[in-house]
Protein chains: 2
Amino acid sequence: MPLLDHPDAKAFLLHWGEMGTQWGVNRSVSQVHALLYLSDRPLPADEIVDQLGLARSNVSTALKELQSYAIVRRVHVEGDRRDHFVAELDLWEMLTRIAAERKRREIDPTIALLNELAQRLAKDATCPPHVRERITRMHEFLSTLGNWYEQMRVLPKPTLVALMKLGGKVVRFLPGGKKDANSG
Amino acid sequence: MPLLDHPDAKAFLLHWGEMGTQWGVNRSVSQVHALLYLSDRPLPADEIVDQLGLARSNVSTALKELQSYAIVRRVHVEGDRRDHFVAELDLWEMLTRIAAERKRREIDPTIALLNELAQRLAKDATCPPHVRERITRMHEFLSTLGNWYEQMRVLPKPTLVALMKLGGKVVRFLPGGKKDANSG
DNA sequence: CCGTAATTTCGGTAAATTCAGAAATCCATG
DNA sequence: CATGGATTTCTGAATTTACCGAAATTACGG
(Lines give C-alpha, C1' and ligand atoms only; values in the text may rest on other atoms or scores of the structure.)
Protein backbone atom coordinates (compact mmCIF):
# COMPACT_ATOMS: atom_id res chain seq x y z
CA MET A 1 0.00 0.00 0.00
CA PRO A 2 1.65 3.20 -1.18
CA LEU A 3 2.70 5.69 1.42
CA LEU A 4 1.24 8.49 -0.60
CA ASP A 5 -2.29 7.24 -0.29
CA HIS A 6 -2.51 9.15 2.93
CA PRO A 7 -3.39 12.78 2.25
CA ASP A 8 -1.10 14.22 4.91
CA ALA A 9 1.87 12.20 3.76
CA LYS A 10 1.13 13.40 0.25
CA ALA A 11 0.81 17.01 1.38
CA PHE A 12 4.15 16.77 3.13
CA LEU A 13 5.81 15.25 0.11
CA LEU A 14 4.42 17.78 -2.35
CA HIS A 15 5.34 20.70 -0.13
CA TRP A 16 8.83 19.34 0.44
CA GLY A 17 9.24 18.96 -3.29
CA GLU A 18 8.25 22.55 -3.95
CA MET A 19 10.50 23.89 -1.22
CA GLY A 20 13.40 22.00 -2.72
CA THR A 21 13.76 24.57 -5.46
CA GLN A 22 14.06 27.25 -2.75
CA TRP A 23 16.65 25.14 -1.00
CA GLY A 24 18.85 24.82 -4.03
CA VAL A 25 17.96 21.35 -5.23
CA ASN A 26 15.39 20.37 -7.81
CA ARG A 27 11.96 19.04 -7.07
CA SER A 28 12.87 15.46 -7.85
CA VAL A 29 15.68 15.48 -5.31
CA SER A 30 13.58 16.85 -2.48
CA GLN A 31 10.63 14.61 -3.33
CA VAL A 32 12.80 11.53 -3.20
CA HIS A 33 14.14 12.73 0.12
CA ALA A 34 10.64 13.29 1.50
CA LEU A 35 9.53 9.85 0.39
CA LEU A 36 12.49 8.15 2.00
CA TYR A 37 12.07 10.21 5.14
CA LEU A 38 8.47 9.09 5.52
CA SER A 39 9.12 5.49 4.60
CA ASP A 40 9.38 2.94 7.38
CA ARG A 41 11.62 0.69 5.32
CA PRO A 42 14.44 0.94 2.80
CA LEU A 43 13.15 1.52 -0.73
CA PRO A 44 14.65 0.32 -3.99
CA ALA A 45 14.90 2.83 -6.82
CA ASP A 46 12.11 1.14 -8.76
CA GLU A 47 9.65 1.71 -6.04
CA ILE A 48 10.60 5.37 -5.79
CA VAL A 49 9.97 5.57 -9.53
CA ASP A 50 6.54 4.03 -9.12
CA GLN A 51 5.47 6.10 -6.15
CA LEU A 52 6.64 9.43 -7.49
CA GLY A 53 6.08 8.87 -11.19
CA LEU A 54 9.59 10.00 -12.13
CA ALA A 55 11.94 8.52 -14.69
CA ARG A 56 14.31 5.90 -13.48
CA SER A 57 17.34 7.94 -14.51
CA ASN A 58 16.03 10.95 -12.69
CA VAL A 59 15.68 8.99 -9.48
CA SER A 60 19.19 7.70 -9.90
CA THR A 61 20.52 11.25 -10.17
CA ALA A 62 18.45 12.41 -7.21
CA LEU A 63 19.76 9.58 -5.05
CA LYS A 64 23.31 10.46 -5.97
CA GLU A 65 22.73 14.07 -5.02
CA LEU A 66 21.16 13.11 -1.70
CA GLN A 67 24.06 10.79 -0.97
CA SER A 68 26.49 13.62 -1.69
CA TYR A 69 24.86 15.45 1.22
CA ALA A 70 25.09 12.23 3.23
CA ILE A 71 21.46 12.45 4.23
CA VAL A 72 20.52 9.31 2.30
CA ARG A 73 22.48 6.09 2.23
CA ARG A 74 22.45 2.78 0.43
CA VAL A 75 21.57 -0.26 2.44
CA HIS A 76 21.48 -3.94 1.56
CA VAL A 77 18.25 -5.81 2.08
CA GLU A 78 18.46 -9.52 2.78
CA GLY A 79 17.49 -11.61 -0.19
CA ASP A 80 17.20 -8.77 -2.66
CA ARG A 81 19.82 -7.95 -5.24
CA ARG A 82 18.70 -4.39 -5.66
CA ASP A 83 20.13 -1.44 -3.82
CA HIS A 84 17.83 0.03 -1.26
CA PHE A 85 17.92 3.51 0.19
CA VAL A 86 17.11 5.08 3.53
CA ALA A 87 17.05 8.68 4.68
CA GLU A 88 18.82 9.91 7.78
CA LEU A 89 16.14 10.01 10.45
CA ASP A 90 18.08 11.88 13.11
CA LEU A 91 17.19 15.42 12.13
CA TRP A 92 20.05 16.96 13.99
CA GLU A 93 22.41 14.76 12.01
CA MET A 94 20.60 15.74 8.85
CA LEU A 95 21.09 19.42 9.61
CA THR A 96 24.77 19.16 10.42
CA ARG A 97 25.47 17.16 7.28
CA ILE A 98 23.64 19.57 5.05
CA ALA A 99 25.48 22.41 6.74
CA ALA A 100 28.82 20.71 6.16
CA GLU A 101 28.18 20.13 2.49
CA ARG A 102 26.78 23.58 1.88
CA LYS A 103 29.75 25.18 3.58
CA ARG A 104 32.00 23.12 1.36
CA ARG A 105 30.16 24.22 -1.77
CA GLU A 106 29.10 27.74 -0.93
CA ILE A 107 31.67 29.17 1.46
CA ASP A 108 34.98 27.38 1.16
CA PRO A 109 35.66 28.40 -2.45
CA THR A 110 35.20 32.04 -1.50
CA ILE A 111 37.46 31.77 1.53
CA ALA A 112 40.07 30.17 -0.71
CA LEU A 113 39.86 33.02 -3.19
CA LEU A 114 40.01 35.61 -0.44
CA ASN A 115 43.11 33.95 0.96
CA GLU A 116 44.78 34.48 -2.40
CA LEU A 117 43.57 38.03 -2.78
CA ALA A 118 44.58 38.98 0.73
CA GLN A 119 48.08 37.72 0.04
CA ARG A 120 48.32 39.63 -3.22
CA LEU A 121 46.88 42.80 -1.74
CA ALA A 122 49.40 42.80 1.09
CA LYS A 123 52.18 43.67 -1.34
CA ASP A 124 50.19 45.70 -3.84
CA ALA A 125 50.50 49.46 -3.64
CA THR A 126 48.25 50.15 -6.62
CA CYS A 127 45.06 48.99 -4.96
CA PRO A 128 42.70 51.74 -3.81
CA PRO A 129 42.68 51.73 0.00
CA HIS A 130 38.95 51.21 0.36
CA VAL A 131 39.03 48.21 -1.97
CA ARG A 132 41.82 46.68 0.03
CA GLU A 133 39.92 47.29 3.22
CA ARG A 134 36.63 45.89 1.98
CA ILE A 135 38.21 42.73 0.67
CA THR A 136 40.26 42.29 3.82
CA ARG A 137 37.19 42.74 5.99
CA MET A 138 35.27 40.16 4.01
CA HIS A 139 38.19 37.81 4.32
CA GLU A 140 38.41 38.22 8.07
CA PHE A 141 34.69 37.92 8.48
CA LEU A 142 34.34 34.70 6.53
CA SER A 143 37.43 33.23 8.17
CA THR A 144 36.00 34.00 11.59
CA LEU A 145 32.72 32.40 10.63
CA GLY A 146 34.55 29.39 9.27
CA ASN A 147 36.52 28.99 12.48
CA TRP A 148 33.40 29.26 14.54
CA TYR A 149 31.71 26.63 12.42
CA GLU A 150 34.68 24.34 12.78
CA GLN A 151 34.56 24.63 16.56
CA MET A 152 30.83 23.96 16.66
CA ARG A 153 31.22 21.03 14.29
CA VAL A 154 33.51 19.10 16.59
CA LEU A 155 31.38 19.53 19.70
CA PRO A 156 29.52 16.39 20.79
CA LYS A 157 26.01 16.35 19.47
CA PRO A 158 24.38 16.41 22.94
CA THR A 159 26.36 19.56 23.75
CA LEU A 160 25.15 21.21 20.57
CA VAL A 161 21.58 20.23 21.28
CA ALA A 162 21.87 21.55 24.83
CA LEU A 163 23.30 24.82 23.52
CA MET A 164 20.42 25.24 21.15
CA LYS A 165 17.79 24.38 23.71
CA LEU A 166 19.39 26.94 25.97
CA GLY A 167 18.78 29.58 23.34
CA GLY A 168 19.34 33.15 24.44
CA LYS A 169 19.85 32.00 28.01
CA VAL A 170 23.49 31.19 27.24
CA VAL A 171 24.38 34.79 27.94
CA ARG A 172 23.50 34.30 31.60
CA PHE A 173 26.41 31.97 32.01
CA LEU A 174 28.92 34.18 30.30
CA PRO A 175 31.19 36.46 32.34
CA GLY A 176 29.24 39.69 32.62
CA GLY A 177 26.18 37.98 31.25
CA LYS A 178 22.82 39.65 31.69
CA LYS A 179 20.63 38.55 34.54
CA ASP A 180 16.93 38.24 33.90
CA ALA A 181 13.74 37.46 35.78
CA ASN A 182 14.28 33.71 35.56
CA SER A 183 17.88 33.58 36.53
CA GLY A 184 17.54 33.55 40.33
CA MET B 1 38.07 55.73 -12.99
CA PRO B 2 36.23 52.42 -12.93
CA LEU B 3 36.61 50.30 -9.87
CA LEU B 4 37.07 47.23 -11.99
CA ASP B 5 40.30 48.44 -13.49
CA HIS B 6 42.05 46.91 -10.56
CA PRO B 7 42.63 43.19 -11.15
CA ASP B 8 41.91 42.12 -7.60
CA ALA B 9 38.68 44.07 -7.44
CA LYS B 10 37.74 42.45 -10.71
CA ALA B 11 38.68 38.99 -9.46
CA PHE B 12 36.54 39.51 -6.39
CA LEU B 13 33.60 40.68 -8.43
CA LEU B 14 33.78 37.86 -10.94
CA HIS B 15 34.09 35.26 -8.23
CA TRP B 16 31.21 36.76 -6.25
CA GLY B 17 29.11 36.70 -9.37
CA GLU B 18 29.78 33.04 -10.00
CA MET B 19 29.11 32.09 -6.40
CA GLY B 20 25.78 33.87 -6.59
CA THR B 21 24.28 30.98 -8.49
CA GLN B 22 25.35 28.66 -5.66
CA TRP B 23 23.82 31.04 -3.17
CA GLY B 24 20.44 31.05 -4.85
CA VAL B 25 20.59 34.33 -6.72
CA ASN B 26 21.62 34.91 -10.29
CA ARG B 27 24.95 36.24 -11.42
CA SER B 28 23.68 39.74 -12.08
CA VAL B 29 22.37 40.08 -8.55
CA SER B 30 25.58 39.02 -6.90
CA GLN B 31 27.73 41.06 -9.28
CA VAL B 32 25.76 44.18 -8.52
CA HIS B 33 26.16 43.41 -4.85
CA ALA B 34 29.91 42.94 -5.19
CA LEU B 35 30.27 46.20 -7.09
CA LEU B 36 28.33 48.16 -4.50
CA TYR B 37 30.23 46.46 -1.70
CA LEU B 38 33.55 47.56 -3.18
CA SER B 39 32.42 51.03 -4.11
CA ASP B 40 33.38 53.90 -1.86
CA ARG B 41 30.39 55.96 -2.87
CA PRO B 42 26.72 55.45 -3.74
CA LEU B 43 26.24 54.43 -7.36
CA PRO B 44 23.34 55.27 -9.64
CA ALA B 45 21.89 52.44 -11.71
CA ASP B 46 23.40 53.83 -14.92
CA GLU B 47 26.87 53.52 -13.60
CA ILE B 48 26.27 49.94 -12.52
CA VAL B 49 25.10 49.25 -16.06
CA ASP B 50 28.26 50.78 -17.49
CA GLN B 51 30.68 49.08 -15.15
CA LEU B 52 29.16 45.63 -15.37
CA GLY B 53 27.95 45.73 -18.96
CA LEU B 54 24.45 44.57 -18.02
CA ALA B 55 21.13 45.75 -19.39
CA ARG B 56 19.42 48.49 -17.51
CA SER B 57 16.37 46.32 -16.79
CA ASN B 58 18.58 43.63 -15.44
CA VAL B 59 20.23 45.99 -12.98
CA SER B 60 16.85 47.26 -11.91
CA THR B 61 15.71 43.73 -11.08
CA ALA B 62 18.95 42.95 -9.29
CA LEU B 63 18.67 46.05 -7.13
CA LYS B 64 15.13 45.14 -6.20
CA GLU B 65 16.23 41.67 -5.18
CA LEU B 66 19.12 43.01 -3.11
CA GLN B 67 16.81 45.45 -1.40
CA SER B 68 14.42 42.63 -0.57
CA TYR B 69 17.27 41.14 1.46
CA ALA B 70 17.89 44.60 2.94
CA ILE B 71 21.58 44.40 2.15
CA VAL B 72 21.42 47.25 -0.36
CA ARG B 73 19.51 50.47 0.13
CA ARG B 74 18.60 53.53 -1.86
CA VAL B 75 20.18 56.77 -0.86
CA HIS B 76 19.71 60.28 -2.12
CA VAL B 77 22.73 62.14 -3.37
CA GLU B 78 22.74 65.89 -3.03
CA GLY B 79 22.16 67.60 -6.33
CA ASP B 80 21.39 64.47 -8.34
CA ARG B 81 17.91 63.46 -9.35
CA ARG B 82 18.82 59.86 -9.78
CA ASP B 83 18.52 57.18 -7.12
CA HIS B 84 21.81 55.95 -5.80
CA PHE B 85 22.52 52.67 -4.09
CA VAL B 86 24.85 51.50 -1.37
CA ALA B 87 25.56 48.06 0.05
CA GLU B 88 25.50 47.26 3.73
CA LEU B 89 29.12 47.42 4.83
CA ASP B 90 28.72 45.94 8.28
CA LEU B 91 29.17 42.29 7.43
CA TRP B 92 27.55 41.06 10.57
CA GLU B 93 24.47 43.08 9.68
CA MET B 94 24.63 41.67 6.19
CA LEU B 95 24.67 38.14 7.52
CA THR B 96 21.78 38.58 9.92
CA ARG B 97 19.64 40.22 7.26
CA ILE B 98 20.28 37.49 4.74
CA ALA B 99 19.54 34.93 7.43
CA ALA B 100 16.27 36.66 8.27
CA GLU B 101 15.10 36.77 4.69
CA ARG B 102 16.15 33.23 3.92
CA LYS B 103 14.37 31.94 6.98
CA ARG B 104 11.28 33.79 5.84
CA ARG B 105 11.49 32.26 2.38
CA GLU B 106 12.92 28.84 3.05
CA ILE B 107 11.81 27.78 6.51
CA ASP B 108 8.68 29.64 7.58
CA PRO B 109 6.44 28.21 4.85
CA THR B 110 7.40 24.71 5.92
CA ILE B 111 6.79 25.41 9.59
CA ALA B 112 3.40 26.82 8.65
CA LEU B 113 2.51 23.68 6.73
CA LEU B 114 3.74 21.45 9.52
CA ASN B 115 1.59 23.37 11.99
CA GLU B 116 -1.41 22.49 9.87
CA LEU B 117 -0.44 18.89 9.40
CA ALA B 118 0.33 18.40 13.08
CA GLN B 119 -3.10 19.69 13.95
CA ARG B 120 -4.80 17.41 11.43
CA LEU B 121 -2.76 14.40 12.44
CA ALA B 122 -3.65 14.83 16.08
CA LYS B 123 -7.24 13.77 15.36
CA ASP B 124 -6.60 11.40 12.50
CA ALA B 125 -6.70 7.70 13.27
CA THR B 126 -6.06 6.61 9.69
CA CYS B 127 -2.50 7.84 9.51
CA PRO B 128 0.21 5.16 9.75
CA PRO B 129 2.01 5.63 13.08
CA HIS B 130 5.45 6.05 11.58
CA VAL B 131 4.24 8.77 9.21
CA ARG B 132 2.64 10.61 12.08
CA GLU B 133 5.84 10.29 14.07
CA ARG B 134 8.15 11.44 11.29
CA ILE B 135 6.05 14.48 10.48
CA THR B 136 5.70 15.33 14.15
CA ARG B 137 9.43 15.04 14.68
CA MET B 138 10.14 17.31 11.75
CA HIS B 139 7.63 19.78 13.09
CA GLU B 140 9.20 19.82 16.53
CA PHE B 141 12.68 20.06 15.11
CA LEU B 142 11.98 23.01 12.86
CA SER B 143 9.98 24.74 15.56
CA THR B 144 12.86 24.35 17.99
CA LEU B 145 15.28 25.72 15.43
CA GLY B 146 12.92 28.60 14.74
CA ASN B 147 12.66 29.44 18.42
CA TRP B 148 16.41 29.32 18.80
CA TYR B 149 16.82 31.63 15.83
CA GLU B 150 14.29 34.04 17.27
CA GLN B 151 16.20 34.19 20.56
CA MET B 152 19.51 34.77 18.81
CA ARG B 153 17.97 37.40 16.58
CA VAL B 154 16.96 39.64 19.45
CA LEU B 155 20.31 39.54 21.21
CA PRO B 156 22.36 42.72 20.93
CA LYS B 157 24.86 42.52 18.12
CA PRO B 158 27.93 42.80 20.39
CA THR B 159 26.65 39.85 22.40
CA LEU B 160 26.27 37.79 19.25
CA VAL B 161 29.73 38.74 18.07
CA ALA B 162 31.18 37.86 21.46
CA LEU B 163 29.42 34.50 21.41
CA MET B 164 30.86 33.71 18.02
CA LYS B 165 34.35 34.78 18.93
CA LEU B 166 34.06 32.55 21.96
CA GLY B 167 33.43 29.60 19.67
CA GLY B 168 33.56 26.21 21.33
CA LYS B 169 34.75 27.80 24.55
CA VAL B 170 31.16 28.62 25.48
CA VAL B 171 30.81 25.16 26.94
CA ARG B 172 33.29 26.04 29.67
CA PHE B 173 30.83 28.48 31.13
CA LEU B 174 27.87 26.17 31.05
CA PRO B 175 26.90 24.21 34.17
CA GLY B 176 28.85 20.97 33.86
CA GLY B 177 30.83 22.41 30.99
CA LYS B 178 34.05 20.69 30.01
CA LYS B 179 37.30 22.01 31.30
CA ASP B 180 40.22 22.10 28.94
CA ALA B 181 43.86 22.99 28.96
CA ASN B 182 43.20 26.71 28.58
CA SER B 183 40.47 27.08 31.15
CA GLY B 184 42.48 27.42 34.34
C1' DC C 1 32.17 -17.00 -17.85
C1' DC C 2 27.42 -16.46 -19.56
C1' DG C 3 22.99 -14.47 -19.01
C1' DT C 4 20.17 -11.50 -16.57
C1' DA C 5 18.93 -7.93 -13.51
C1' DA C 6 20.21 -3.43 -11.82
C1' DT C 7 22.14 0.87 -12.40
C1' DT C 8 24.35 4.71 -14.57
C1' DT C 9 25.44 7.48 -18.51
C1' DC C 10 24.13 9.70 -22.73
C1' DG C 11 21.43 12.35 -26.14
C1' DG C 12 17.54 14.86 -27.03
C1' DT C 13 13.49 17.59 -25.75
C1' DA C 14 10.69 20.30 -22.69
C1' DA C 15 10.50 23.69 -19.25
C1' DA C 16 12.28 27.36 -16.72
C1' DT C 17 15.33 31.12 -16.10
C1' DT C 18 18.13 34.86 -17.48
C1' DC C 19 18.64 38.90 -19.74
C1' DA C 20 18.47 42.65 -23.36
C1' DG C 21 15.73 46.07 -25.69
C1' DA C 22 11.39 48.52 -26.14
C1' DA C 23 7.42 50.46 -24.21
C1' DA C 24 5.05 52.34 -20.44
C1' DT C 25 4.96 54.66 -16.12
C1' DC C 26 6.53 57.67 -12.67
C1' DC C 27 8.13 62.03 -10.91
C1' DA C 28 10.41 66.39 -10.29
C1' DT C 29 10.83 70.72 -12.19
C1' DG C 30 9.92 74.80 -14.69
C1' DC D 1 0.16 70.89 -16.29
C1' DA D 2 3.57 69.96 -19.82
C1' DT D 3 8.25 68.26 -20.43
C1' DG D 4 12.08 65.31 -20.14
C1' DG D 5 14.81 62.34 -17.51
C1' DA D 6 14.63 58.29 -14.46
C1' DT D 7 12.79 53.90 -13.47
C1' DT D 8 10.05 49.89 -13.89
C1' DT D 9 7.43 46.59 -16.51
C1' DC D 10 6.68 43.99 -20.58
C1' DT D 11 8.13 40.96 -24.36
C1' DG D 12 10.72 37.78 -26.67
C1' DA D 13 15.30 35.58 -27.59
C1' DA D 14 19.07 32.95 -25.71
C1' DT D 15 20.85 30.23 -22.38
C1' DT D 16 20.56 26.99 -18.81
C1' DT D 17 18.45 23.40 -16.26
C1' DA D 18 15.34 19.44 -15.60
C1' DC D 19 13.85 15.33 -17.09
C1' DC D 20 12.67 11.35 -19.95
C1' DG D 21 13.82 7.16 -22.77
C1' DA D 22 17.33 4.47 -24.73
C1' DA D 23 21.84 2.64 -24.76
C1' DA D 24 25.78 1.23 -22.23
C1' DT D 25 27.88 -0.43 -18.24
C1' DT D 26 28.20 -2.80 -14.00
C1' DA D 27 27.17 -6.38 -10.63
C1' DC D 28 25.38 -10.71 -9.56
C1' DG D 29 23.78 -15.71 -9.71
C1' DG D 30 24.17 -19.77 -11.87
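Since the structure is predicted, the reported quantities are computational estimates derived from the model, not experimental observations. Every chain is numbered from 1, with letters handed out A, B, ... down the list of sequences. Quick note: numbers below take in every heavy atom, side chains included, and nothing from hydrogens, waters or symmetry partners.
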Would you please name every residue forming a side-chain contact (heavy atoms from CB on, under 4.5 Å) with A/K10, sequence neighbours left out?
A/L14
Treating A/E101 as the side-chain partner and A/Y69 as the backbone partner, does any N or O pair qualify as donor plus acceptor under 3.5 Å?
no
When all nucleic acid strands are considered with a 4.0 Å heavy-atom cut-off, which category describes B/D83: base, sugar-phosphate, or nothing?
sugar-phosphate
If you define the side chain from C-beta out and look only at heavy atoms, does anything of B/F12 sit under 4.5 Å from A/V131?
no
Can you name the atoms? Protein N/O to nucleotides 17-24 of chain D N/O, anything below 3.5 Å, with the distance.
{"from": "D/dC19", "atom 1": "OP2", "to": "A/N26", "atom 2": "OD1", "distance (Å)": "3.3"}
{"from": "D/dC19", "atom 1": "OP2", "to": "A/S28", "atom 2": "OG", "distance (Å)": "2.8"}
{"from": "D/dC20", "atom 1": "OP2", "to": "A/A55", "atom 2": "N", "distance (Å)": "2.8"}
{"from": "D/dC20", "atom 1": "OP2", "to": "A/N58", "atom 2": "ND2", "distance (Å)": "2.7"}
{"from": "D/dG21", "atom 1": "O6", "to": "A/S57", "atom 2": "OG", "distance (Å)": "2.9"}

Is there any salt bridge (Lys or Arg N to Asp or Glu O under 4.0 Å) pair reaching into residues 43-58 of chain B, and which pairs are they, with sequence neighbours excluded?
B/R41-B/E47, B/D46-B/R56, B/D46-B/R82
Contacts of A/L160 that satisfy side-chain contact (heavy atoms from CB on, under 4.5 Å) - sequence neighbours left out:
A/W92, A/M152, A/L155
Nucleic acid contacts of residues 60-80 of chain A, taken as heavy-atom distances under 4.0 Å to DNA chain D:
none
Single-linkage hydrophobic cluster B/L142~A/L38, side-chain heavy atoms < 4.5 angstrom:
yes
Under 3.5 Å, N/O pairs linking protein and nucleotides 25-30 of chain D:
none

Please list all pairs passing the salt bridge (Lys or Arg N to Asp or Glu O under 4.0 Å) test where one or both residues lie in residues 70-79 of chain A, with sequence neighbours left out.
A/R74-A/D83
Do we get A/R137 above B/Y37's six-membered ring, with its NZ or CZ under 6.0 Å from the centre and within 45° of the axis?
no
Nearest-0.5 Å distance that lies between atom CD in A/Q31 and atom CG in A/L36:
12.0 Å
Whole-Å gap separating P (D/dA6) and CD1 (B/I48)
14 Å
Sequence neighbours left out, what pairs pass salt bridge (Lys or Arg N to Asp or Glu O under 4.0 Å) with at least one residue falling in residues 15-31 of chain B?
none
Keeping the roles fixed (side chain from B/S68, backbone from B/E65), state whether a donor-acceptor pair exists under 3.5 Å.
yes
Hey, what bend do you get for the helix from C/dC1-D/dG30 to C/dG30-D/dC1 if you fit axes on five pairs at each end, rounded to 10°?
30°
Got a sec, which hydrophobics cluster with B/V77, joining ILVMFWY side chains under 4.5 Å apart, including via others?
none
Donor-acceptor pairs under 3.5 Å, side chain of residues 112-122 of chain A to any protein atom, not counting sequence neighbours: which ones?
{"from": "A/N115", "atom 1": "OD1", "to": "A/H139", "atom 2": "NE2", "distance (Å)": "2.6"}
{"from": "A/N115", "atom 1": "ND2", "to": "A/I111", "atom 2": "O", "distance (Å)": "3.4"}
{"from": "A/R120", "atom 1": "NE", "to": "B/D8", "atom 2": "OD1", "distance (Å)": "3.1"}
{"from": "A/R120", "atom 1": "NH2", "to": "B/D8", "atom 2": "OD1", "distance (Å)": "2.4"}

note: B/R82, atom CZ; D/dT7, atom C1'; distance rounded to Å ~ 12 Å
For B/T159 and A/L174, what are the C-alpha separation, side-chain angles and deciding distance, and is it a side chain to side chain contact (heavy atoms under 4.5 Å, CB included)?
CA-CA 10 Å; B/T159 305; A/L174 268 39; 5.6 Å; no
First and last nucleotide of DNA chain C in contact with chain B, 5' to 3', at under 4.0 Å to a heavy atom: what are they?
C/dT18 to C/dG21
Ignoring hydrogens and angles, tell me if any N or O in the side chain of B/R134 forms a donor-acceptor pair with the backbone of A/S39 under 3.5 Å.
yes
